[in-house]
Asker: 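One structure is given below, represented as structure tokens, and several questions about it will come after.
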Amino acid sequence: MFAALDRLPALGPVTGEPTFSVYNPSTGALLAELPDMGVAHTRAAIEKAHAAQAEWAALTARDRSDVLWRWHQLIVNHTDDLAAILTAEMGKPLAEAKSEVSHAAAYLQWYAEEANRIYGETISAPSTDRRMLVIKQPIGVVGTITPWNFPASMVARKISPALAAGCAIVLKPAEQTPLVAGAMFALAEVAGFPDGVINLVYASEGADVGLELCTHPMVRKISFTGSTEVGRLLMRQCSDQVKKLALELGGNAPFIVFDDADIDAAVDGAIQAKFRNGGQTCVSANRLYIQSGVHDEFAEKFVERVRQLSVGDGFDPGVAIGPLIDTRALAKIEAHIADALEKGGTIRCGGERIVADGTFFAPTVLTDITSTMRVAQEETFGPLAAIIHFEDAEQVVREANDTIYGLAAYFYASNLKRVWRVAEALEYGMVGINTGRMSSEAAPFGGIKQSGIGREGSRHGLEDYLEMKYLCMGGI
Ligand code: NAP
């Protein structure tokens with residue numbers, strides 16, 4: 001692991017600058033000291049990106065695509081090192097870290113291909129002496145801010161469509177997980193991005209850097225993944241300049257199992273949708289609604305599987321769940337459990353911290369949950385599954401939709417008519433039907449309501465970084 005970290009370039013602070021520390025959440029060990037770049041560095045990075053923008057946009061799509069392809073290949077070739085860095089700074093099991101790096105590489109590959117497929121349109125003009133058409137152009141400099149829970153794939157998912165479209169970018173990764181982003185940027189340099197096209201700002205405080213990105217007139221778009229609270233703030237900060245925004249925010253995903261579902265498949269899906277990344281994903285199943293006819297069977301089988309999930313350092317073989325990112329995350333789970341127990345919930349397994357150096361929490365299942373409990377209303381963001389009993393389909397869809405969020409929902413059923421009706425009625429940007437996992441570079445990822453604006457991945461993700469320009473030629 002540390003051999004991988006040692007090979008990272010530019011990890012040491014520049015002498016005399018303020019620094020911040022990055023720790024391993026499994027052990028508490030110090031991993032690196034990074035320069036704490038504030039507003040002045042951010043401004044310089046924006047200006048550099050602005051200076052590089054026009055030349056990058058003027059390249060042929062094929063030339064931009066070639067650089068993205070080289071970056072993709074370098075990331076694939078360095079998967080083991082990148083995954084080791086990721087596990088060290090974030091804690092997730094090494095196998096999940098490798099899968100995340102592959103997912104990151106897949107976005108680069110996808111947008112290396114999509115770069116070649118930017119199309120305009122011609123329009124039948126209403127008079128014979130005119131020609132009307134639409135061309136697509138890159139939006140300009142994009143400020144991007146990423147969270148700690150997927151520190152490699154969020155970087156790739158966010159910046160690869162922007163780069164493919166011809167935008168230059170400035171990235172601020174999360175304070176807790178800047179190292180894998182640093183390593184990816186080092187590989188990008190090798191891939192041959194022209195100077196200034198991609199710029200990294202390490203910072204211990206998102207607020208100052210975020211404000212600079214939102215208010216600097218050379219930044220034309222902000223692309224943010226993180227909490228809804230910070231998303232709202234960025235939106236306010238962008239409003240004076242009517243700056244464009246892409247927001248991938250929080251969720252409160254329902255996971256519904258109907259009486260006619262394949263229960264074993266539903267249990268598998270729930271384990272994935274709830275416990276991947278220790279429950280620290282924006283699409284984590286947060287409320288498990290189980291219909292009365294299968295409730296007891298599902299709960300029994302699910303609890304049995306959860307008891308088998310081993311918790312520990314992500315580098316240890318066989319570990320399924322790593323540490324939580326910090327002690328605040330532990331406190332939030334404890335608060336959700338305490339609130340549920342006070343209001344009549346039952347603990348079926350887990351329920352407490354695991355005493356160790358890191359921030360570990362035992363995978364937990366609660367039953368007898370009701371919609372008034374905090375665990376059903378807020379994103380828990382940890383290894384806590386809350387099971388709610390329901391009777392009829394209309395009621396469960398109403399309850400599932402009764403939230404300010406609209407990112408991901410899941411349901412298991414076999415009746416075709418029900419499958420269509422429920423899929424259409426759920427007010428979410430993404431619906432997993434008989435699957436607990438749906439993220440893919442080929443699909444549009446994103447939410448409705450207060451879960452966000454815009455889509456990442458697929459051909460739609462590229463459109464978010466292109467402006468439409470209408471050309472009208474007269475006197476023909
Ligand atoms: P967060 O606190 O909002 O932080 C996300 C990023 O924003 C970090 O880089 C953070 O920097 C920065 N930040 C914090 N305050 C800021 C401010 N005032 N101005 C500008 N930037 C600021 O979220 P998190 O706890 O890291 O991530 C978890 C959340 O992200 C969950 O709600 C989850 O659902 C959501 N998420 C959504 C998606 C999606 O695709 N929809 C994907 C992953 C995660 P510092 O770390 O330096 O403070």
Side-chain angles (χ1 to χ4, degrees), residues 20-23 25 34 36-39 42 89-90 92 100 103 107 143-158 170-181 200-216 219 222-238 245-253 276-286 324-326 328-329 332 378-382 403-408 428-430 438-440 443-457 461 464:
F20 69 101
S21 310
V22 184
Y23 297 97
L34 295 185
D36 199 350
M37 303 169 166
V39 171
T42 308
E89 67 178 346
M90 193 273 161
K92 69 179 60 181
E100 181 180 338
H103 197 43
Y107 278 102
T144 60
I145 302 174
T146 49
W148 51 265
N149 62 343
F150 287 96
S153 60
M154 290 303 107
V155 168
R157 192 171 86 180
K158 211 159 261 317
V170 177
L171 172 83
K172 193 212 83 69
E175 173 198 2
Q176 299 98 324
T177 56
L179 301 179
V180 76
L200 183 61
V201 176
Y202 295 124
S204 65
E205 277 299 325
D208 295 347
V209 173
L211 182 63
E212 183 63 21
L213 289 171
C214 289
T215 53
H216 198 300
V219 177
I222 296 293
S223 178
F224 170 75
T225 296
S227 60
T228 296
E229 189 191 0
V230 173
R232 287 191 197 106
L233 174 73
L234 297 179
M235 218 170 162
R236 284 197 289 274
Q237 289 174 349
C238 284
L245 273 164
L247 298 175
E248 295 286 353
L249 309 177
N252 180 6
R276 187 166 67 98
N277 211 21
Q280 302 173 110
T281 89
C282 52
V283 292
S284 286
N286 205 50
L324 293 177
I325 192 67
D326 55 26
R328 269 188 316 160
K332 186 173 188 188
E378 299 170 19
E379 189 182 37
T380 305
F381 232 60
T403 167
I404 59 167
Y405 298 106
L407 189 59
Y428 287 84
M430 300 174 283
M438 55 183 152
S439 200
S440 161
F445 191 104
I448 61 170
K449 293 160 86 178
Q450 295 188 34
S451 285
I453 298 172
R455 293 294 182 270
E456 290 179 340
D464 268 20

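Because the structure is a prediction, the values reported are computed rather than measured. First listed ligand is number 1; within each ligand, the first listed atom is number 1.
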Asker: Can you pull out the closest protein heavy atom to atom 45 (P) of ligand 1? Residue, atom name and distance to 0.1 Å, please.
Answerer: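 Answer, as residue, atom name and distance: Lys172 NZ, 3.6 Å.
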
Asker: Side chain to side chain contact (heavy atoms under 4.5 Å, CB included) between Thr225 and Glu456: does it pass, once the steps are laid out?
Answerer: CA-CA 11 Å; Thr225 296; Glu456 290 179 340; 4.2 Å; yes

Asker: Examine the side chains of Lys158 and Thr146 and answer whether a donor and an acceptor come within less than 3.5 Å of each other.
Answerer: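 Absent: no donor and acceptor within the cut-off.
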
Asker: Below the 3.5 angstrom mark, is there an N/O of Phe445, backbone or side chain, next to an N/O of ligand 1?
Answerer: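 No.
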
Asker: Between Ala203 and ligand 1, which residue portion shows a heavy-atom distance shorter than 4.0 Å: side chain, backbone, both, or neither?
Answerer: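 The part of Ala203 near ligand 1 is the backbone, not the side chain.
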
Asker: Give the atoms of ligand 1, by number and element, whose distance to some non-hydrogen atom of Gly210 is under 4.0 Å.
Answerer: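 Checking each atom against Gly210, I get 20 (C).
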
Asker: Would you mind running through ligand 1 and noting each atom that sits below 4.0 Å from a heavy atom of Phe224?
Answerer: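 Answer for ligand 1: 3 (O), 5 (C), 6 (C), 7 (O).
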
Asker: Does some side-chain heavy atom of Met37 sit less than 4.5 Å from a side-chain heavy atom of Lys172?
Answerer: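 Answer no - side chains too far apart.
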
Asker: Strictly under 6.0 Å, is that where the ring centroids of Tyr23 and Trp148 end up?
Answerer: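 Not under 6.0 Å, so no.
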
Asker: Considering Arg328, Arg157, Met154, which one's heavy-atom position lies nearest to atom 40 (O) of ligand 1?
Answerer: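 Ranked by closest heavy atom to atom 40 (O) of ligand 1, first place is Arg157.
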
Asker: Would you say the side chain of Asn149 lies within less than 4.5 Å of the side chain of Phe381, judging by non-hydrogen atoms?
Answerer: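 Result yes, sub-4.5 Å side-chain heavy-atom pair found.
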
Asker: Note the single closest protein heavy atom to atom 17 (C) of ligand 1, along with its residue, its atom name and the distance in Å.
Answerer: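 In this structure, atom 17 (C) of ligand 1 has Ala207 CA, 3.6 Å as its nearest protein heavy atom.
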
Asker: Would you check if the side chain of Lys92 reaches a backbone N or O of Arg276 as a donor-acceptor pair within less than 3.5 Å?
Answerer: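 Checking the backbone N and O of Arg276 against the side chain of Lys92, no donor-acceptor pair under 3.5 Å is found.
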
Asker: What part of Phe381, side chain from CB on, backbone N/CA/C/O, both or neither, has a heavy atom under 4.0 Å from ligand 1?
Answerer: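 Near ligand 1, Phe381 shows its side chain, while the N, CA, C and O stay back.
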
Asker: Please verify whether a non-hydrogen atom of Glu456 lies at under 4.0 Å from ligand 1.
Answerer: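 No, Glu456 has no heavy atoms under 4.0 Å from ligand 1.
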
Asker: For ligand 1, which atoms sit closer than 4.0 Å to a heavy atom of Thr146?
Answerer: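 So the atoms of ligand 1 that pass are 6 (C), 8 (C), 9 (O).
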
Asker: A quick test of your reading: do over 12 heavy atoms of other residues, nucleotides or ligands sit less than 6.0 Å from CE of Met438?
Answerer: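 Yes, CE of Met438 has more than 12 neighbouring heavy atoms, counting only those of other groups under 6.0 Å.
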
Asker: Select one of side chain, backbone, both or neither to describe which atoms of Arg455 lie under 4.0 Å from any atom of ligand 1, heavy atoms only.
Answerer: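 The answer is neither.
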
Asker: Please determine whether any non-hydrogen atom of Gly452 lies less than 4.0 Å from an atom of ligand 1.
Answerer: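 No; Gly452 lies far enough from ligand 1 that no heavy-atom distance drops under 4.0 Å.
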
Asker: For Gln176 and ligand 1, answer yes if some heavy atom of the residue is under 4.0 Å from a ligand atom, otherwise no.
Answerer: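 Judged by the 4.0 Å heavy-atom criterion, Gln176 does count as contacting ligand 1.
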
Asker: Nearest to atom 38 (C) of ligand 1, what protein heavy atom do you find, and at what distance?
Answerer: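 Atom 38 (C) of ligand 1 sits closest to the protein heavy atom Cys282 SG, 3.0 Å.
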
Asker: List ligand 1 atoms under 4.0 Å from Leu234, heavy atoms only on the residue side.
Answerer: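 Checking each atom against Leu234, I get 19 (N), 20 (C).
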
Asker: So which protein heavy atom does atom 27 (O) of ligand 1 come closest to, and at what separation?
Answerer: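 Among all protein heavy atoms, the one nearest atom 27 (O) of ligand 1 is Pro147 CB, 3.6 Å.
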
Asker: Can you sort out which atoms of ligand 1 are near Glu379, meaning under 4.0 Å from one of its heavy atoms?
Answerer: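 Listed by number with element, the hits are 31 (C), 32 (O), 33 (C), 34 (O).
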
Asker: Any side-chain heavy atom of Glu100 sitting closer than 4.5 Å to one from Pro151?
Answerer: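 The answer is yes; the side chains approach within 4.5 Å.
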
Asker: Does the side chain of Leu324 come within less than 4.5 Å of Pro25's, by heavy atoms?
Answerer: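 No; the side chains remain at least 4.5 Å from each other.
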
Asker: Let's go through Met154 and Tyr107 carefully: what are the C-alpha distance in whole Å and the side-chain angles of both, what is the deciding distance for side chain to side chain contact (heavy atoms under 4.5 Å, CB included) to 0.1 Å, and is it a yes or a no?
Answerer: CA-CA 10 Å; Met154 290 303 107; Tyr107 278 102; over 6 Å; no

Asker: Just to confirm my output: which protein heavy-atom neighbour is closest to atom 41 (N) of ligand 1, and how far is it?
Answerer: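 The protein heavy atom lying closest is Leu249 O, 2.8 Å.
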
Asker: Determine whether any heavy atom of Thr228 lies closer than 4.0 Å to an atom of ligand 1.
Answerer: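 Thr228: no contact with ligand 1 (<4.0 Å).
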
Asker: Under a 4.0 angstrom heavy-atom cut-off, which atoms of ligand 1 come close to Ile145?
Answerer: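 Every atom of ligand 1 under 4.0 Å from some heavy atom of Ile145: 6 (C), 7 (O), 9 (O), 12 (C), 20 (C), 21 (N).
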
Asker: Evaluating non-hydrogen atoms only, which member of Asp326, Thr177, Thr225 is closest to atom 5 (C) of ligand 1?
Answerer: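 Selected option, by shortest heavy-atom distance: Thr225.
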
Asker: Provide the number and element of each atom of ligand 1 under 4.0 Å from a heavy atom of Ser204.
Answerer: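 Contacts of ligand 1 toward Ser204, numbered from 1: 47 (O).
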
Asker: Please find the pair of heavy atoms, one from Met235 and one from Leu245, that lie closest to each other, and give the distance.
Answerer: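 Taking Met235 first and Leu245 second, the nearest heavy atoms are CG-CD1, 3.3 Å.
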
Asker: So, do Val230 and Ile145 sit near enough that their side-chain heavy atoms are less than 4.5 Å apart?
Answerer: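 The answer is no, as the side chains (C-beta and beyond) never meet within the 4.5 Å cut-off.
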
Asker: Near Asn149, which atoms of ligand 1 are under 4.0 Å from a heavy atom of that residue?
Answerer: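 Taking each heavy atom of Asn149 in turn, ligand 1 has 43 (C), 44 (C) under 4.0 Å.
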
Asker: I'd like to know if the side chain of Asn252 and the backbone of Tyr405 have a donor-acceptor N/O pair within less than 3.5 Å.
Answerer: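 The answer is no, because no donor-acceptor pair under 3.5 Å joins these two groups.
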
Asker: Please verify whether a non-hydrogen atom of Trp148 lies at under 4.0 Å from ligand 1.
Answerer: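 Heavy atoms of Trp148 do come under 4.0 Å of ligand 1.
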
Asker: Could an N or O of ligand 1 be found under 3.5 Å from any N or O of Glu175, whether backbone or side chain?
Answerer: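 N/O-N/O distance below 3.5 Å exists for this pair.
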
Asker: Write out the residue and atom name of the closest protein heavy atom to atom 20 (C) of ligand 1, then the distance separating them to 0.1 Å.
Answerer: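 For atom 20 (C) of ligand 1, the nearest protein heavy atom is Gly206 O, 3.3 Å.
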
Asker: Side chains of Val219 and Val170: does their closest heavy-atom pair fall under 4.5 Å?
Answerer: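 Heavy-atom side-chain distance check fails, nothing below 4.5 Å.
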
Asker: Do you know which two heavy atoms are closest between Val283 and Ala408, and how far apart they sit?
Answerer: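 Closest approach of Val283 to Ala408: CG1-CB, 3.6 Å.
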
Asker: Note the single closest protein heavy atom to atom 23 (O) of ligand 1, along with its residue, its atom name and the distance in Å.
Answerer: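 Heavy-atom neighbour on the protein nearest atom 23 (O) of ligand 1: Ser227 N, 3.4 Å.
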
Asker: Does ligand 1 have an atom under 4.0 Å from some heavy atom of Gly446?
Answerer: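 Gly446: no contact with ligand 1 (<4.0 Å).
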
Asker: Which residue and atom name correspond to the protein heavy atom nearest atom 18 (N) of ligand 1, and how close is it?
Answerer: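 Minimum-distance protein heavy atom for atom 18 (N) of ligand 1 reads Leu233 CD2, 3.2 Å.
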
Asker: Taking side chain as C-beta onward, heavy atoms only, is His103 less than 4.5 Å from Ser439?
Answerer: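 SC-SC contact between His103 and Ser439 confirmed.
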
Asker: Taking the side chain as everything from C-beta on, heavy atoms only, tell me whether Pro178 gets closer than 4.5 Å to Glu89.
Answerer: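 They are in contact (side-chain heavy atoms under 4.5 Å apart), so the answer is yes.
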
